[in-house]
Amino acid sequence: MRKPCCKEEESNKGCWSKQEDQKLMDYIKAHGEGRWRSIPHAAGLRRCGKSCRLRWLNYLKPGVKHGDFGEDEEDLIIRLHALLGNRWALIAGRLPGRTDNEVKNYWNCHIRKKLIHMGHDLNNLHGFRSSVLAPFKSIGPKINEVPECNINSFPDLNLDLTLGTSSEEKEALQD
DNA sequence: AATATCTTCAACCGCTACCCC
DNA sequence: TGGGGTAGCGGTTGAAGATAT
């Protein structure tokens, strides 16, 4: 039997209140991130460490963007997903200010539906990847060689697909 | 205006990777 | 080297808001 990460009766669940957010922010500003397990007690929060970590990373951390994704961000997510699969943390790492949770939600709610509506068969990963990654001729054959796309399969692939450089990246990849 | 249904997204859960002793 | 503790990740859930009837 796995030990629960925190005592059930001692922790709040559900949405965070403004007071809880403030306590967590104040504590992290004063002491920095890390040692999440000890943060709730030290900060006077009735939450488990995991919950604190998630709240900080997804919502409170300075620089986290909220709201609509731009077309360029959406395009990047689609291409990265075709390349990496459901590796949301990796994908989010290429989108400044976006979190894995937000990217995952956006994919599931918006992009997935949009692609299905456009006639893409998301169960047919091979076909989907081929069509999405068609502009990247140089890596196309490699992608088709691996059954499950793995970032480690492309040691020579520059994955610095940060926003604002997509056109340069396309050119570089086509060279 | 009331109710049902759908959509969105914050938060939780369970598993795995990693680190330290 | 392996065992325990912690952090991080991805899948899933459920509450709240939006929209349709």
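Owing to the predicted nature of the structure, the values given are computational and were not obtained by experimental measurement. Just so it is clear: chains get the letters A, B, ... in the order the sequence lines come, proteins before strands, and each one is counted from 1.
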Peer 1: OP1, OP2 of B/dC12 versus side-chain N and O of A/Ser51: anything below 4.0 Å?
Peer 2: yes
Peer 1: Look at A/Lys104 together with A/Asp100 and state whether they make a salt bridge at an N to O cut-off of under 4.0 Å.
Peer 2: no
Peer 1: Taking atom C1' of B/dA11 as reference, at what distance in whole Å does atom OH of A/Tyr59 sit?
Peer 2: 12 Å
Peer 1: Could you give the NE2-to-P distance, from A/His66 to B/dA10, as a whole number of Å?
Peer 2: 7 Å
Peer 1: Minimum heavy-atom separation for A/Pro40 and A/Cys48, please, with both atom names.
Peer 2: CG-C, 3.8 Å
Peer 1: Any chance the side chains of A/Asn86 and A/His81 put a donor and an acceptor closer than 3.5 Å?
Peer 2: yes
Peer 1: I'd like to compare against my own output: the B/S/- annotation of nucleotides 9-19 of chain C with a strict under-4.0 Å heavy-atom distance to protein.
Peer 2: SBBB-------
Peer 1: Nearest whole Å is fine: how far is C/dG8 C1' from A/Trp56 CH2?
Peer 2: 17 Å
Peer 1: Drop me the distance from A/Ile91's CD1 to A/Thr99's OG1, to the nearest 0.5 angstrom.
Peer 2: 12.5 Å
Peer 1: To the nearest angstrom, how far is A/Trp16 atom CH2 from B/dA11 atom P?
Peer 2: 8 Å
Peer 1: In residues 20-32 of chain A, which residues come under 4.0 Å of DNA chain B by heavy atom?
Peer 2: none
Peer 1: Are A/Arg94 and A/Glu73 ion-paired here, with the side-chain N under 4.0 Å from a carboxylate O?
Peer 2: no
Peer 1: Apply the test side chain to side chain contact (heavy atoms under 4.5 Å, CB included) to residues A/Glu33 and A/Lys61: give CA-CA distance (whole Å), side-chain angles for both, the deciding distance (0.1 Å), then the verdict.
Peer 2: CA-CA 10 Å; A/Glu33 292 178 47; A/Lys61 192 174 181 173; 3.6 Å; yes
Peer 1: Which whole-number value in Å describes the distance from A/Arg37 CZ to B/dC20 C1'?
Peer 2: 16 Å
Peer 1: Quick one: A/Asn58 CG to B/dC9 C1', roughly how many Å, whole number?
Peer 2: 10 Å
Peer 1: Are a donor atom and an acceptor atom from the side chains of A/Tyr106 and A/Glu74 found within less than 3.5 Å of each other?
Peer 2: yes
Peer 1: Write down the distance between CD1 (A/Ile111) and P (B/dC9), rounded to a whole number of angstrom.
Peer 2: 12 Å
Peer 1: Among the nucleotides B/dA11, B/dC13, C/dA7, which one has an atom lying closest to any side-chain atom of A/Trp36?
Peer 2: C/dA7
Peer 1: Can you name the side chain to side chain contact (heavy atoms under 4.5 Å, CB included) partners of A/Lys23, sequence neighbours left out?
Peer 2: A/Leu45
Peer 1: Could you tell me whether A/His66 and A/Tyr59 have their ring centroids closer than 6.0 angstrom?
Peer 2: yes
